[in-house]
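Structure record follows, encoded as structure tokens.
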There are 2 protein chains.
Amino acid sequence: MPDLNDQLGQQGVTLADRVFARLRQAIVEGEIPSGTKISEPELASEYGISRGPLRDAIGRLEACHLVERRPNVGARVVSLTQEDLLELYLLREALEGMAARLAAERMSGRDIDELRKLLRQHQERAELQEGIAYFQTEGDLDFHYRIIKASGNVRLIKLLCDDLYHLMRMYRFQFGMASSRALIAFREHGHIVEAIADRDPEMAELIMRRHIRSSRINVELLFDEKAPKGARATPAIRSASADSSAGAAPPL
Amino acid sequence: MPDLNDQLGQQGVTLADRVFARLRQAIVEGEIPSGTKISEPELASEYGISRGPLRDAIGRLEACHLVERRPNVGARVVSLTQEDLLELYLLREALEGMAARLAAERMSGRDIDELRKLLRQHQERAELQEGIAYFQTEGDLDFHYRIIKASGNVRLIKLLCDDLYHLMRMYRFQFGMASSRALIAFREHGHIVEAIADRDPEMAELIMRRHIRSSRINVELLFDEKAPKGARATPAIRSASADSSAGAAPPL
DNA sequence: TACCCTAATATTGTCAACAATCGGACGACA
DNA sequence: TGTCGTCCGATTGTTGACAATATTAGGGTA
């Protein structure tokens, strides 16, 4: 899963950049649970920095919709809801469908070969694990990531890869994603690549939309059998770094 | 054009909020031309505030893609390009198509009546001005705004109304939008409302997508005849508030 | 004259202290 | 006993000063 969000190489990395990247990872991977209140003095002392860059980082997290902020009250990590996840899937259906169409129009033959190679790698791993962990290994997101990049639409790429992508990862960390669809999803990926290789934009969009819609419906079913009513991921509200089991954070 | 972005009523409006709203308006309406370097000390003294909340506001502008920032160098208002505008239209085609579909599924009968009333109001104004100013008066954006809100998808609403909407307005202020399509656009709006009233989601999406696609193609033609090669809106780079003709800014 | 290196300057990034605001606890009163 | 008002503590918002970095002007050399 190389260079998912390559902020590397760009000279001049500020302190706020690093703490932002770090906080985002901590939030997405569940280290800071959703619903947690973000205490500025606490986090600042933990990271050994001032509140200035920290506030900057929190502001960016708010822009990514990873934290919610109320004036004079504070910021807290978003509470993931079933409704929001479904909305996210609807958005992806529209946006990634568009990405697939553009990719079919503009993707270079060389990149298509790369995409095929990626799928073969997934197949090797998938065969080993009998399709139980396609979503957990981020292989699914990796595939979608490439399609999006191949669309060539800068604004679309930023939107999906900088914001929605991290939210999807957060949901996957919170609710362990269903594996029942892993093999099906893998095959659908293959169909998408075929449509792109055939230079059939409408078909590529159609399959991609159906692919994401199927995922959404699968998630809906999962929710319905687990928790009939719209349930939140983390009922308990804990304070950030209340359990500093990992000790002080390493230097930025 | 009431309550386009009603931040009213929410208690606790911070200083950064106000300067953000103000800077955004100044940028969108061209008061601060695109390409302008944002000087923090300059603006801070002009607004009579410290650099802290100003930096916060600039950070939010960056999140809206209204300014671009490079570490240790500074922020400058985005340069609008032809390519970016076309990308924006493509995004809108996908997103607002989705919005129209959802609106057809979920919009209340009362809201549909409101929408019809809005169109009648537009017609009265349009008849007066013989279809020369449908875009300039923001009537077009107002209509789209309502459809988006009616979709009920919170994430979609935030994305379109908080970010893309202001960018579209900015483009309209920079390049005075074409009026040749005004009457056609108005009629297409009517067809969209009909599809929604018929509870025909697929039709609503189809018409909306064609509607936006037509706008895009119209813009493309406009560009081609005006400037054959991809040209920028503002060739000259000026410094912000270099011409403080309006004097000092009113208090926040 | 063109190029490179150096130094001055201005701007941004960061820090620590001050002011404003909110949430919760305590106590008074119906 | 329940509810309202007030006070206190803590957190956030804001400010001005300090440090680090990039841009620009100038001089020296090939």
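Lettering follows sequence order; numbering is per chain, from 1. Basis for what follows: all heavy atoms, side chains included, without hydrogens, waters or symmetry-related copies.
- With C:dT14, C:dG13, C:dT21 as the candidates, the nucleotide lying closest to the side chain of A:Ala16 is C:dT14.
- Taking side-chain N and O atoms only, B:Thr14 has a distance below 4.0 Å to OP1 or OP2 of D:dT14.
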Check: How far apart are the C-alpha atoms of A:Leu85 and A:Phe175, what are their side-chain angles, what is the distance that settles it, and do they pass the side-chain contact (heavy atoms from CB on, under 4.5 Å) test?
Finding: CA-CA 11 Å; A:Leu85 178 57; A:Phe175 324 134; 4.2 Å; yes
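- If you check C:dA16, D:dT23, D:dT15 against the side chain of B:Pro53, the one that comes closest is D:dT15.
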Next item on the list: Apply the test side-chain contact (heavy atoms from CB on, under 4.5 Å) to residues A:Leu91 and B:Met98: give CA-CA distance (whole Å), side-chain angles for both, the deciding distance (0.1 Å), then the verdict.
Entry: CA-CA 8 Å; A:Leu91 258 189; B:Met98 167 182 165; 4.2 Å; yes
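- Each of A:Arg70 and A:Gly48 was matched to the nucleotide of DNA chain C holding its nearest heavy atom; the match closer to the 5' end belongs to A:Gly48.
- In this structure, CZ of A:Arg69 is placed 17 Å from P of C:dT21, rounded to the nearest angstrom.
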Do any N or O atoms of the protein come closer than 3.5 Å to N or O atoms of nucleotides 8-10 of chain D, and which pairs are they?
none

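- Among C:dT11, C:dG13, D:dG13, the nucleotide with an atom closest to any side-chain atom of B:Lys37 is C:dT11.
- Rounded to whole Å, atom P of C:dT14 lies 12 Å from atom CG of A:Leu54.
- The CZ-P distance, from A:Arg18 to D:dA20, rounds to 14 Å in whole Å.
- For the pair A:Tyr89 and A:Ser215, the tightest heavy-atom approach, listed with the atom from each and the gap, is CE2-CB, 3.7 Å.
- The heavy-atom pair separating A:Val19 from A:Ala57 by the smallest distance is CG1-CB, 3.5 Å.
- Rounded to whole Å, the distance from CZ on B:Arg51 to P on C:dA10 is 15 Å.
- Note: CZ (A:Arg55) to C1' (C:dA16) measures 14 Å, nearest angstrom.
- Distance check: A:His65 NE2 to A:Leu167 CG gives 8.0 Å after rounding to the nearest 0.5 Å.
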Next item on the list: Could you go through the side-chain contact (heavy atoms from CB on, under 4.5 Å) check for A:Leu118 and A:Asp142 one step at a time?
Entry: CA-CA 9 Å; A:Leu118 177 72; A:Asp142 194 6; 3.8 Å; yes
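- Computed from coordinates, the A:Asp17 CG to C:dT12 P distance equals 16 Å when rounded to whole Å.
- Residue contacts shown for A:Gly52 are absent, as no nucleic acid heavy atom lies under 4.0 Å away.
- Under 4.0 Å is where a charged nitrogen must lie from a carboxylate oxygen, and between A:Glu87 and B:Arg155 no such pair does.
- Of the candidate nucleotides C:dA17, C:dC22, C:dG13, C:dC22 has the atom lying nearest to any side-chain atom of A:Val73.
- Ion pairing between a basic and an acidic side chain is recognised when a charged N comes within 4.0 Å of a carboxylate O; A:Lys117 and A:Asp113 show no such pairing.
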Checklist line | side-chain contact (heavy atoms from CB on, under 4.5 Å) assessment of A:Glu62 paired with A:Glu68 | finding: CA-CA 6 Å; A:Glu62 189 187 16; A:Glu68 285 169 345; over 6 Å; no
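- Between A:Asn72 and A:Asp56, it is A:Asp56 whose nearest contact on DNA chain C lies nearer the 5' terminus.
- Scanning residues 57-65 of chain B for heavy-atom distances under 4.0 Å to DNA chain D yields an empty list.
- Residue A:Leu15 contributes atom CG, which lies 12 Å from atom P of D:dT21 at whole-angstrom precision.
- The structure places CZ of B:Arg60 at 11.5 Å from CG of B:Asp162, a figure rounded to the nearest 0.5 Å.
- Rounding to whole angstrom units, CZ of residue B:Arg76 and C1' of D:dT23 are separated by 12 Å.
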